[in-house]
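All remarks here apply to the structure that follows.
Chain letters run A, B, ... following the sequence lines, proteins first and then strands; every chain starts at 1.
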Amino acid sequence: MNILAWIRSAFFQAAPDDTDASAFASAVKPISDPKFGDYQANGCMAVAKKRGANPREVAAEVVRKVDLSPWANEPEIAGPGFINIRLRDDRLAEYLVELSADDRLGIEPAERPKTVVIDYSSPNVAKPMHVGHVRSTVIGECLARIYETLGHHVIRDNHLGDWGAQFGMILWGWKNERDERAFDADPVRELARLYKLAQARIKPGETLSDRYKKVFEFEKEGKFAEAEALFAKLSADSKATRDEVDRVIAESRAIAEACRAETAKLHAGDPENRALWERFMPYCLGALQTIYDRLSVRFDVQLGESFYDSMLAETVEKLEKVGIARESEGAKVVFTRENGAPMIVQKSDGAFTYATTDLATLKYRYETWRPDLVLYVVDHRQSDHFKQLFAVAAAAGYGETDPRHVAFGTILGADKKPYKTRDGDVVGLESLLDEAVARARAVVDRNSPELSEEERGKVAEVVGLGAIKYADLSQNRLSDYVFDWDKMLAMNGNTGAYLQYAYARIQSIFRKGEIDVASLRRRVPAVALGSASERALAVAIVRLPETLELAANDLKPNVLTDYLFDLANRFSTFYDDCPVLKAEPENRDSRLALCDLTARILKLGLRVLGIETRDRM
RNA sequence: GCGCCCGUAGCUCAGGGGAUAGAGCAGCGGAUUUCUAAUCCGCCGGUCGCAGGUUCGAAUCCUGCCGGGCGUACCA
C-alpha cells in the first residue's frame, strides 16, 4: 500500500473545518530529517495564519482529531507547528511480513487505470541511431514501465521518421551515387553512406550562404559597394572568390532541390520511389530492431510518418475550413498566441510538414485509443513546436486528451558541448554501447577474476548497458548533463552498478546460506527491527509504492533512481552493521526477510529502469 | 530583438514553499579472524549568480539585472 497516501487521507479527515482539506492533506510529506520521524504534516502554519491563531494550537487541535492507528501513535508537534509522524515499529514489522508474501511488493494496481500513449525514440530510419537518441529511448521506455507497473494501460509508439526530407536524400543518393555491391553486402551501411553523402554535398553551400547572408542582402538592396567591401572582409581568410562562392552555393542548392523533388515524388506516389521505399524500409527497421533488442525496448506500434500521409490533406482542409489556418507567403500556416512564428502546415511547394503529421497523429491517437495521457518524449529544443501543436489541436477540437511534452536536456561532452567523437562526428549508438560494455568488462576482469569467462561477459553486458541507462535516468530530465564514463561506471555513488552490486551481495548471502527464498517467504518470519540500520532499511522498503506514484505523476525517472540508491545505501549500512547468516536464531529469518525484500525491490526497480541484474558480479 | 531552459560545495549533480540546504567524486582520517572492501563510518568543504519583492517561512514563487544554453517561416 501507499503509506504516504494513507496518512494524507487521515489528515484529510482531520483537517480543520475552515480550511481546504485536500491542500491540508497534500502538505503531508516524507520527513526532511529522519531524527524528527518518518512523515511530517506542514499545513498548520498556513491555517493559523488565516485564522490569526497560534500555529501550535492549530496543530494540537489536528493531533487530537487525527487517527493514524495502527500505523502511528499520536504525532508530535515541533518547531513553529510541524506535526511529526513516526511509524510504529510493531506495525512496520507486521507489514514487512505481509510484504514478504506479496508478489507486488505493496504496489496496488491503479483503481482507475489510465490509457497512456508514449511517443518515444522516434529516430529517422535513414540514418544510424546516435547518442542523441539515447535519452528519448531510455526515458520513454522507463516511463512506459513505470505506468505499467502501476497498472495503467500503456501504448508505446515509435513515431519513425520514415517519410521526410531525409528519405529524399537517400533516394537522390541511390539514383546518383549508389554502390550496388556495397548495398548487397550491408544495405543499411550503404544507405547511411548515401545519406551522409547527400548531406555533405548540401552542407558547404548552406554554410556559405549563411556566412555571406549580409552580402546578399546588401546586393538585394542595391548597396553594391557595401556588399563588395563586406565580401572582401569575410573572405580575407579563405581567399574565396565571388565566383567560387556562387558556384558552391548553386551546386548545393541544386542538389538540395533534387532531394526535395525525390521526396515530393515519393509522396505523390511515384512508382519508382515507392518501390525503393518498400525495398529499403525492411533493412532500416531491421537495423533499428537490433538496437532495440539489445536495449530491451519493445514497441506496441511503430506508426511512422508514412502511416499518416493519407490524412494530411484532410487535416489542412479542416484547419482552413474552421478558419484556423490561412495562407501567408504562399504557405498555409496557423498563427498562434503561443509563438510569434506561425506553424506551417503546408509549404509553398505544396508539401506537408512534420507539424501537419503531428496534428494528424494526435487526432489518430485520440480516435483510436481515447488516451487519458499522451507523452511526447522529445528533446527540449522542440518545446516551441509542441506548445503550438497542442494549442492548435485544442483549437481544432481534437479531443480532450492530455498531451504533454516530456522534454529533456542534451548529453554533453567534457567540454560542455554536445557529445561528439574526437573527430567531431556524432557518436553512433552501437559503438557507444560497445564501449560501455568493454569498459565494464575491464572492471569485471579486475574485480572478479574468479568468475568464468562467459560469466564475466554477461556481467559486463548488463553492467555496461545499465551504466548508460542509469546515468541518463538518474539525471533530472530537464538539465543537460555531462557524459562521463568513469563516473557512470563507478561502483560507488549513485550508479547502476552500485545497485546491481547490492543485489548480487544479497544473492550471495542466499547462496552461502543455502536459503530457499520461496520457503522463506512462506514461513513468514516475524520481523524484528532492533537496530537503527534495520529500521532505516524497513522504512525505505515500505516506500516503494509512493515513490512510483510520485515518479509517474512528475514524469521523473530520477525520483525512482534516488529512491533505489537510498535503499541500496541503507542496505549497505545494514549489511555492514548486522550479520545475517550468523545472526542469533531469533534475528536470522528476520534479517533474511529484509535482505529478500531489498533484493526484490532492487530487481523490480532496476527492471522498471530497463536495467538487468545478475546474481554474481 | 522575442520566447523557453539553466546558474546550488573544487568537480558532477539532487532538492522546485517548511526545521541546521543534501549526495557522489576529489581531499583528509578510520573500519577487514565475520555473509562479495566493486563496501562501510567519520571529517573537511556552500553569501543556493546578483538585487529587490511576496510570505509566519524562499535555494524553491514574482520582478529586474548579470552569465550560459537552446529555439525563433517553409528540416524533423
Side-chain angles (χ1 to χ4, degrees), chain A residues 27 29 31-33 35-36 40 42-43 45-46 48-49 55 78-82 84 122 124 159 161 163-166 256 260 305 328-333 338-349 351-355 357-358 378-385 387 407 409-410 412 414 416-418 443-444 446-448 450 463 474-476 478-482 484 486-487 489-495 497-498 500-502 504-513 533 554 558-559 561-562 565-566 569 572-583 591-592 595 616-617:
Chain A
K29 315 216 152 137
I31 206 103
S32 59
D33 186 331
K35 79 178 176 221
F36 297 128
Q40 61 185 157
N42 297 334
M45 282 84 85
K49 174 189 58 181
F82 297 107
N84 291 335
S122 308
N124 283 328
H159 190 69
W163 201 243
Q166 78 284 355
R260 268 197 293 276
E305 294 170 337
S328 170
E329 297 179 26
K332 288 177 183 163
V333 306
E338 278 65 27
N339 210 327
M343 185 165 97
I344 296 171
V345 291
Q346 189 170 14
K347 301 196 282 184
S348 47
D349 65 5
F352 300 106
T353 69
Y354 79 125
T357 310
D358 280 358
V378 181
D379 82 276
H380 72 282
R381 287 173 299 194
Q382 294 195 37
S383 55
D384 282 349
H385 165 66
K387 231 183 277 175
T410 312
L412 306 175
K416 301 274 184 124
K417 299 218 166 104
V443 178
V444 178
R446 189 171 59 235
N447 288 323
S448 305
E450 74 282 2
V463 170
S474 59
Q475 216 70 212
N476 181 317
L478 283 166
S479 40
D480 293 348
Y481 83 92
V482 175
D484 180 342
D486 293 332
K487 187 184 164 191
L489 279 160
M491 297 301 150
N492 214 329
N494 192 6
T495 66
Y498 177 79
Q500 289 165 325
Y501 178 63
R505 281 173 118 185
I506 296 172
Q507 299 314 310
S508 174
I509 292 175
F510 292 160
R511 267 198 311 278
K512 196 140 284 186
S533 60
D554 291 357
N558 72 309
V559 168
T561 62
D562 284 355
F565 175 55
D566 180 54
N569 223 331
S572 294
T573 303
F574 157 81
Y575 178 89
D576 208 60
D577 192 38
C578 302
V580 178
L581 294 175
K582 287 173 186 163
R591 288 180 181 169
L592 281 168
C595 286
R616 293 172 210 261
M617 62 185 276

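The backbone N or O of A:K487 lies less than 3.5 Å from a partner atom in the side chain of A:D484, making a donor-acceptor pair. Using a distance-only test at 3.5 Å, with no hydrogens or angles considered, a donor-acceptor pair links the side chain of A:R591 to the main chain of A:P579.
In this structure, the side chain to side chain contact (heavy atoms under 4.5 Å, CB included) partners of A:T357, at least two apart in sequence or on a different chain, are A:H159, A:E305, A:Y308, A:L312, A:T361. With sequence neighbours left out, the side-chain hydrogen bond (donor to acceptor under 3.5 Å, both in side chains) criterion links A:D349 to no other residue. For A:V443, the side chain to side chain contact (heavy atoms under 4.5 Å, CB included) criterion is met by A:R446, A:N447, A:M491, not counting sequence neighbours. Shown here are the side-chain hydrogen bond (donor to acceptor under 3.5 Å, both in side chains) partners of A:S122, two or more places apart in sequence or in another chain: A:D119. With sequence neighbours excluded, the residues forming a side chain to side chain contact (heavy atoms under 4.5 Å, CB included) with A:N569 are A:Y498, A:F565, listed by chain and number. Listed by chain and number, the residues in a side-chain hydrogen bond (donor to acceptor under 3.5 Å, both in side chains) with A:H385 are A:Y354, A:D358 (sequence neighbours excluded). Residues satisfying the side chain to side chain contact (heavy atoms under 4.5 Å, CB included) test with A:R616, not counting sequence neighbours, are A:L451, A:E455, A:R511. In terms of the side-chain hydrogen bond (donor to acceptor under 3.5 Å, both in side chains) criterion, residue partners of A:D379 (sequence neighbours excluded) are, by chain and number, A:R381.
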For nucleotides 66-68 of chain B, which of its nitrogen or oxygen atoms have a protein nitrogen or oxygen under 3.5 Å away, and what is each distance?
none

Give me the distances for all protein-to-nucleotides 8-13 of chain B N/O pairs that come in under 3.5 Å?
residue: B:U12; atom: OP1; partner: A:K416; partner atom: NZ; Å: 3.0
residue: B:U12; atom: O2'; partner: A:K487; partner atom: NZ; Å: 2.6
residue: B:C13; atom: OP1; partner: A:V482; partner atom: N; Å: 2.9
residue: B:C13; atom: O3'; partner: A:Q475; partner atom: OE1; Å: 3.0

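Side-chain N/O atoms of A:Y498 include none lying less than 4.0 angstrom from OP1 or OP2 on B:G24. Between A:N42 and the phosphate of B:G17, there is no side-chain N or O to OP1/OP2 separation shorter than 4.0 Å. The phosphate of B:G69 (OP1 or OP2) has no side-chain N or O of A:R381 nearer than 4.0 angstrom. A close approach under 4.0 Å does not occur between any side-chain nitrogen or oxygen of A:K387 and OP1 or OP2 of B:G3. Taking 4.0 angstrom as the limit, A:N447 places none of its side-chain polar atoms (N or O) nearer than this to OP1 or OP2 of B:U36.
Rounded to the nearest Å, the gap between the P atom of B:C44 and that of B:G22 is 13 Å. For the P atoms, the distance from B:C41 to B:A9 is 24 Å, rounded to whole Å. For B:A21 and B:A58, the P atoms lie 13 Å apart once the distance is rounded to whole Å.
If you check distances only, the side chain of A:S122 never reaches the base of B:A76 with a donor-acceptor pair under 3.5 Å.
Residue-level contact check: A:A165 touches the backbone only, with heavy atoms under 4.0 Å from sugar-phosphate atoms and none from bases. At a threshold of 4.0 angstrom between heavy atoms, the contacts of A:R446 with the nucleic acid are absent. Across all strands shown, A:N558 has heavy atoms under 4.0 Å from sugar-phosphate atoms exclusively, and none from any base. Using a 4.0 Å heavy-atom distance criterion, A:N492 is classed as a sugar-phosphate-only contact. A:M343 comes within 4.0 angstrom of no nucleic acid atom, judged by non-hydrogen atoms across all strands. When heavy atoms are screened at a 4.0 angstrom cut-off, A:D566 is found touching no nucleic acid atom at all.
One can place OH of A:Y501 at 17 Å from C1' of B:G24, the figure rounded to the nearest angstrom. The distance from atom CG of A:D576 to atom C1' of B:G42 is 13 Å, rounded to the nearest whole Å. The interatomic distance linking A:E450 (CD) with B:A38 (C1') rounds to 11 Å, in whole Å. Taking atom CG on A:N494 and atom P on B:A38, their separation rounds to 20 Å, with Å as the unit. Separating the CD1 atom of A:I344 from the C1' atom of B:A76 is a distance of 13 Å, rounded to the nearest angstrom.
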Convert the base pairs of RNA chain B into dot-bracket notation, remembering that pairs crossing earlier ones are written with [ ] and that bases paired across to another strand are shown as |; include only Watson-Crick or G-U pairs under 3.5 Å.
(((((((..((((....[...)))).(((((.......))))).....(((((..]....))))))))))))....

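The residue among A:S328 and A:Q40 whose nearest nucleotide of RNA chain B is located toward the 5' end is A:Q40.
The side chain of A:K512 approaches B:C35 more closely than any other nucleotide in the set B:A38, B:C35, B:G18. Listed nucleotides: B:A76, B:U39, B:A73. Nearest to the side chain of A:S572: B:U39.
Aromatic stacking is marked for A:F36 over B:A19, as both cut-offs hold: 5.5 Å for the centres and 30° for the planes.
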Per-nt protein contacts along nucleotides 53-61 of chain B (heavy atom under 4.0 Å; B base, S backbone sugar-phosphate only, - none) come out as --SB-----

